[in-house]
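What follows is a set of notes on a single structure, which appears directly below.
Since the structure is predicted, the reported quantities are computational estimates derived from the model, not experimental observations. Remember, it's 1-based here, ligands and their atoms both numbered in the order they're listed. Nothing fancy with the numbering, it's 1 onward along the sequence.
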Amino acid sequence: MKTYYIKTFGCQMNVADSNLMQAHFESLGMVQAKDLSDADTVVVNTCTVRDHAEHTAMSYVGRLKPFKNDNPNLKVILAGCAAQRVGENIKKRFPIIDLVVGAKNIENFKKEFNKICELDSCFRGNDNKRAGDDSRHGKNEGKNRGKGNVCDFVTIMRGCENFCSYCIVPSVRGPELSRPFDEILSEIETRVKLGAKDITLLGQNVNSYRGADKHGKKQDFASLLTKVNSVKGLDRIRFMTSHPKDLGQKLIKTIAGLEKVCEHIHLPLQSGSDRILKAMNRNYKTSDYLKIIDTIRKEMPAAAITTDIMVGFPGETKKDFEKTLAVTDRASYDFIFAFKYSPRPGTKAAELKDSVSLKTKEGRHAILLEKLNKAAENLNRKLIGSAQEVLVEGAADGKYFGKTRTNKKVYFSSGRIKPGSLVKVKILQAKFNSLIGEKNA
Ligand code: 5AD
Ligand code: SF4
């Protein structure tokens, strides 16, 4: 039996794309390899959002050379956003690569993979019937992915056309395209039948979802959430990522009113300085952002709010950074994903001088992280003694683990329980990024 091994770098969109590729391998009768040395096909699904991310993925490709030397039939596939950026040219640097499938071209993965497999007699006789499927999303997206996961991801839209000045995503993933409404629902129903209890709706900018239903009528994100909320057997709904310019009062009220939609909003701030936000082409001011935070706090008092913040954008002064710190205090985040600005080829910001030194970027990054760790631990400590609803995902090192509705990881002791169960856990200890407890009797 032929085996595959997928190494995924980057965001949840890449994880979802890896799931698509996995579905195709399994439809061909291939099985997951235990490790790299056991694989007949290796996919490296890459990220290019920052230079460091691309570098990490490419170093991984470099380390595959001895495996190809040992097994010249090994197929090496470069997929994802960095693959889109570098294109076929990368084969000059890494001749071991058999196939490059960029993020925009993921829908053609089946066709492209089948092409390289036709050269290999071992693959003949497998089911290649789906080779010609070429819609931008792929008609059976996610449908034939083998066993179910308790927490699963469903892509609702691809691409982005916000053109934040620092961001390479619009160029490597292409313009925004929403998946048809009923196709998303039917995929969710399938995933739930396979055991999913917690589904995250994925897209670069989910609030601007507008997909046609089977009557050709455009539906928005609020109607999608409302419909998903009625899927039987599903316990929890999440979504990622929201853009502050599209998260209006009405949508927040809808979210707050749907019982399966979890109390967690990820709302990238990027910067707390209006001058920098303008240069980033974010289309909101700090005051608009804070109004949204206030509405969330009013409509969903239990909500956890997380964010992305970038330090060292061209021209960011100490004063700008202090404004960012002030907004983080005011917003009281449960978690901050902090990044150092990295110029990306072809973006507007790359035309500006990368004026903030690496040392200053690192210093600001460290200040932000220290602040986050303290603030997150303080918020988590408030949960000590409370009983939290946890969806059990699995067990490791003698403890069960799962997440709260607010997306906090919980490790807890308990008698035998099945993954997929909802249990009440008494919180006994808090760290900045996890909680520790015991299942209530
Ligand atoms: N440099 C640093 N961080 C970036 N991000 C996007 N582009 C860049 C870049 N060029 C960050 C943003 C985004 C997150 C996914 O990655 O904060 O929200
Ligand atoms: Fe990039 Fe901005 Fe689109 Fe997010 S919204 S993917 S940061 S361009």
Side-chain angles (χ1 to χ4, degrees), residues 9-17 46-57 80-82 84-85 103-104 155-178 200 202-209 221 239-247 265-273 276-284 289 292 305-316 321 324 327-328 331 333 335-356 358 360-362 364-365 368-369 372:
F9 293 94
C11 66
Q12 293 301 343
M13 293 297 289
N14 265 14
V15 174
D17 287 348
T46 58
C47 173
T48 185
V49 78
R50 282 167 291 278
D51 184 53
H52 182 255
E54 182 170 313
H55 188 75
T56 310
C81 293
Q84 182 69 47
R85 194 186 80 73
K104 276 187 201 166
T155 304
I156 66 164
M157 59 200 299
R158 290 189 176 280
C160 182
E161 44 203 49
N162 286 324
F163 292 99
C164 300
S165 64
Y166 51 80
C167 186
I168 198 167
V169 169
S171 89
V172 288
R173 285 201 170 260
E176 218 167 86
L177 184 72
S178 295
T200 304
L202 283 182
Q204 242 76 41
N205 190 14
V206 287
N207 316 131
S208 65
Y209 173 84
F221 187 57
F239 53 89
M240 232 175 22
T241 294
S242 295
H243 193 300
K245 78 175 170 47
D246 299 311
L247 188 61
I265 308 268
H266 183 67
L267 194 64
L269 166 69
Q270 310 300 0
S271 168
S273 154
I276 298 293
L277 284 175
K278 190 155 193 282
M280 286 177 163
N281 192 30
R282 290 289 289 175
N283 282 308
Y284 55 84
Y289 184 94
I292 304 173
I305 304 180
T306 56
T307 199
D308 291 347
I309 291 177
M310 193 187 304
V311 295
F313 185 83
E316 185 190 68
F321 178 61
T324 300
V327 177
T328 62
Y333 293 115
F335 206 86
I336 297 172
F337 296 88
F339 305 104
K340 286 168 263 176
Y341 169 71
S342 155
R344 304 309 292 132
T347 60
K348 270 266 166 241
E351 294 166 17
L352 306 169
K353 186 165 176 271
D354 186 11
S355 59
V356 181
L358 182 59
T360 305
K361 282 179 189 166
E362 279 170 351
R364 291 178 188 166
H365 190 254
L368 205 52
L369 285 192
L372 150 77

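- Under 4.0 Å from ligand 2, not a single heavy atom of Met310 appears.
- Listed by atom number, the atoms of ligand 1 under 4.0 Å from Val49 heavy atoms are 6 (C), 7 (N), 8 (C), 9 (C), 10 (N).
- Side-chain N/O atoms of Tyr341 and Glu316 include no donor and acceptor closer than 3.5 Å.
- With 2.8 Å as the limit, Cys160 counts as an N, O or S neighbour of atom 3 (Fe) of ligand 2.
- Side-chain contact between Leu247 and Ile265: present, with at least one pair of heavy atoms (C-beta onward) separated by less than 4.5 Å.
- Here the protein heavy atom with the shortest distance to atom 7 (S) of ligand 2 is Tyr166 OH, 3.4 Å.
- Counting protein heavy atoms only, atom 2 (Fe) of ligand 2 is closest to Cys164 SG, 2.3 Å.
- Near Tyr341, the atoms of ligand 1 lying under 4.0 angstrom from a non-hydrogen atom of the residue are 1 (N), 2 (C).
- Side-chain contact between Met280 and Cys164 is absent, with no heavy-atom pair separated by less than 4.5 Å.
- Considering backbone and side-chain N/O of Arg50, one or more are found under 3.5 Å from N/O of ligand 1.
- Metal site remark for atom 1 (Fe) of ligand 2: Cys167 contributes an N, O or S atom at a distance under 2.8 Å.
- By the criterion of a heavy-atom distance under 4.0 Å, neither the backbone nor the side chain of Pro268 is placed next to ligand 2.
- Under a 4.0 Å criterion applied to the non-hydrogen atoms of Arg344, ligand 1 contributes the atoms 10 (N).
- The closest protein non-hydrogen atom to atom 1 (N) of ligand 1 is Ser342 N, 3.0 Å.
- The contact set between ligand 1 and Asp308, taken as ligand atoms under 4.0 Å from a residue heavy atom, comprises 13 (C), 14 (C), 15 (C), 17 (O), 18 (O).
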